[in-house]
Amino acid sequence: MKGLKTVLLLAGLSSSLLNAAPHQVSIEIQASQSGPVIHKDIYGQFAEHLGRGIYEGVWVGEDSPIPNTKGFRNDVVEALKAIQVPLVRWPGGCFADEYHWREGIGPRHMRPVKVNTHWGGVEETNAFGTHEFFEFVELIGADAYVNGNLGSGSVQEMAEWMEYMTSDKNSTLANERRKNGREAPFDIAYFGIGNESWGCGGHMRPEYYADLYRQYATFLKTPPGKRPKLVASGGHTEDTQWTEVLSANIQQDMDGISYHFYTLPTSDWQKKGKALGFDQSMWLATMERTYRMDKYIRDNLAVLDKNDPEGKLGFYVDEWGTWYDPQPGREPGFLYQQNSLRDAVVTAVNFNIFHQHAKRVRMTNIAQMVNVLQAMILTDKEKMVLTPTYHVYGMYKVFQDATSVPFKLQTGLYGNSDKSVPAVTASVAKGTDGKLYLALVNLDPSESATIKLKLSGASASQAVGQILTADKMDAHNSFTQPEVVKPQAFSSKLSNLSLPAKSVVVAELR
Ligand code: AHR
């Protein structure tokens, strides 16, 4: 499919019709200049009590025959360490607004068994609670993002959880934490006050939520230096009203506003589209939907720039990723789906968008980490497989805390008269190791792209790194064939740079 006779002007990116295949793309990099830092937390993950995300995926219990460290499966822990997961959000999601933290502390055999009413009506043993969460993030070297219960909890319950987790005093709650095995207070990087309060979190109006937020936040007390960033539950998809109302009405105790956007190939929640076995029109529809992230972020940031011109507030995309129809034969409420090369391309497209908006988009969490939606990792009893999405996280880790470098990208469009997206998107940044990195993604599943690169302010003649691609659009890794899609070495002269169809490249310019 070829591009449109249109000229699309986006900040730093212009796109026009180029009839000849392959796509002719040019990139001009100004390496002596620098833009905002790409916060490492853009690479955050989301782990909800949903399906086999926590139980089986992360936690198998100390008595499991699956090799584990204090109940956490070793293979998953090692895999997550390898991609340097910076942040994990827990316990939900919709689950967060039904979660009562007291049920997840103390001796495990005494914890109440509840019903997970949101996700499949299964038994929730509460075996994985506050202490297990912090032990897990400490094991993988990540920071903690705890999401509090505003929907069905109380101000007192949330305030006491905060005290339990962070107090260094001789208070009854802090001593209870010590009795449960943790002397030092836990470190919380972010704390969310409710989740999707427009929907599963209580079907509220933003005005009502803003008042509740102010009330709840007032009573979240922490010792000096222990205060997490406080996150207000914001809007989703094309909505900007939540950002508008929250940023206009909450003057203190708010560090950022959350935002959720899922990539459904069809954009229809009743029939989202298949994870595998899709055709080119579904590939294009997926790319078109996922690329809307750019516009939706821009629209919300315009609101923030008006209401918060000093740029204090972050815009946290704390749920994003692909969402397909449930896999046949699986419990639909578990949101288990396979993950293909298409998901890898979606991941890179979104990273490149987040990097463009790094000034405000300082944290995101892909949904979700293991066995749920666009997962990094799939497990089946003792087996584990790494998805194409996982590999993109691994390739892009050089961008964590890197300083973005401005560039101009000219690309043709990929699409048809109905739907189109830029054929190629990119990121350029100086890593914390001082090296200059370029990421490129070719969204077109059938045409390659030739890249004309002009570099000023630095000298380099080669791009050396990794490429992720495959022959089939739905190429994926399974328990029987776990290495169908995996990064390969990439090396090219800059004078001769090209990108295969449907590929992701991350390379050092040297
Ligand atoms: O990630 C699955 C669900 O999607 C989350 O629980 C909810 O916040 C969103 O609607």
Side-chain angles (χ1 to χ4, degrees), residues 8-16 18 22-43 84 86 294 297-298 301 311 347-362 392-412 422-443 448-468 487 489-500 503-510:
L8 206 89
L9 271 174
L10 304 169
L13 184 149
S14 76
S15 179
S16 61
L18 289 164
H23 295 282
Q24 307 292 321
V25 175
S26 73
I27 303 184
E28 254 183 84
I29 302 172
Q30 283 103 36
S32 55
Q33 296 176 27
S34 52
V37 167
I38 296 168
H39 202 295
K40 65 176 175 28
D41 293 346
I42 283 180
Y43 291 85
Q84 287 171 21
D294 186 61
I297 289 178
R298 275 173 205 282
L301 298 199
T347 309
V349 167
N350 280 282
F351 285 161
N352 292 345
I353 293 170
F354 298 150
H355 295 172
Q356 285 292 323
H357 302 295
K359 223 166 137 189
R360 290 252 192 211
V361 178
R362 301 170 201 150
V392 178
Y393 271 78
M395 290 164 70
Y396 268 75
K397 68 186 179 194
V398 294
F399 286 99
Q400 292 191 21
D401 283 338
T403 303
S404 51
V405 169
F407 64 93
K408 283 196 193 116
L409 173 71
Q410 276 206 299
T411 171
V424 169
T425 75
S427 289
V428 186
K430 204 166 270 175
T432 51
D433 56 7
K435 295 176 180 171
L436 186 61
Y437 291 102
L438 168 70
L440 292 166
V441 51
N442 184 355
L443 286 70
S448 61
T450 302
I451 315 289
K452 209 166 120 204
L453 195 138
K454 196 168 152 209
L455 181 63
S456 57
S459 65
S461 59
Q462 276 202 310
V464 180
Q466 290 187 310
I467 182 167
L468 193 79
F490 179 87
S491 176
S492 165
K493 284 190 178 152
L494 292 189
S495 55
N496 193 22
L497 194 55
S498 72
L499 269 181
S503 66
V504 179
V505 165
V506 176
E508 180 200 343
L509 301 185
R510 56 164 88 138

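This chain uses plain numbering: 1 for the first residue, then up along the sequence. Scope of the values below: all heavy atoms of this structure, side chains included, with no hydrogens, waters or symmetry mates.
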Which label fits Y393 and F351: parallel for a plane angle under 30°, tilted from 30 to 60°, or perpendicular past 60°? perpendicular
Any idea which heavy atoms bring L499 and S503 closest together, and the distance? CD2-OG, 3.6 Å
OG-CD distance between S491 and E508, expressed to the nearest 0.5 angstrom: 11.0 Å
Rounded to the nearest 0.5 Å, what separation is found between the CG atom of L443 and the OG1 atom of T425? 6.0 Å
Indicate the atoms forming the closest heavy-atom contact of T411 with P422, along with that distance. CG2-CB, 3.9 Å
Report the residue from V428, V506, T432 that forms a side chain to side chain contact (heavy atoms under 4.5 Å, CB included) with F399. V506
Nearest non-hydrogen partners of L409 and F407, listed with the distance: CB-CE1, 4.0 Å
Nearest 0.5 angstrom please: Q462 CD to S495 OG, how far? 9.5 Å
Taken to the nearest 0.5 Å, the spacing of R360 CZ from I297 CD1 works out to 12.5 Å
Any side-chain heavy-atom pair from V441 and V392 closer than 4.5 angstrom? no
Please check this pair: side chain of S404 against backbone of P36, looking for a donor-acceptor N/O pair closer than 3.5 Å. yes
Value for CG (D433) from CG (D401), rounded to nearest 0.5 Å, stands at 12.0 Å
Is a side-chain N or O of H23 found less than 3.5 angstrom from the main chain of V25, in a donor-acceptor match? no
Expected output: side-chain Q24 to main-chain P22 donor-acceptor under 3.5 Å: yes
Hey, is the main chain of Q400 close enough, under 3.5 Å, to the side chain of Q84 for a donor-acceptor pair? no
Non-neighbouring partners of N350 that pass side chain to side chain donor-acceptor pair (under 3.5 Å), sequence neighbours left out: T290
Mind checking ring pair (Phe, Tyr, Trp, His ring centres under 6.0 Å) for F354 and listing every partner two or more places apart, or none if nothing turns up? W320
For Q33, all residues meeting side chain to side chain donor-acceptor pair (under 3.5 Å), sequence neighbours excluded: none
Can you name the side-chain contact (heavy atoms from CB on, under 4.5 Å) partners of N496, sequence neighbours left out? K493
Side-chain donor-acceptor pair under 3.5 Å between Y396 and N352, yes or no? yes
When you measure from the side chain of D294 to the backbone N and O of I353, does any donor-acceptor pair fall under 3.5 Å? no
Only counting residues at least two apart or in another chain, list the ones meeting side-chain contact (heavy atoms from CB on, under 4.5 Å) with P487. H391, M395, Q466, L468
Can you check side chain to side chain contact (heavy atoms under 4.5 Å, CB included) on E28 and Q410, steps first, answer last? CA-CA 9 Å; E28 254 183 84; Q410 276 206 299; over 6 Å; no
Considering all heavy atoms, the nearest A463-L509 contact: CB-CD2, 3.9 Å
The criterion is salt bridge (charged side-chain N to carboxylate O under 4.0 Å, His left out); which residues satisfy it with K40, sequence neighbours excluded? D143
Does some side-chain heavy atom of I27 sit less than 4.5 Å from a side-chain heavy atom of V424? no
How close do I38 and Y43 get, counting heavy atoms only, and between which atoms? CG2-CE1, 4.4 Å
Tell me if the NZ atom of K359 is crowded by more than 12 foreign heavy atoms within 6.0 Å. no
How far does CD1 of I29 sit from CG of L494, to the nearest 0.5 angstrom? 8.0 Å
Can you give me the closest heavy-atom contact between A31 and L436, atom names plus distance? CB-CD2, 4.1 Å
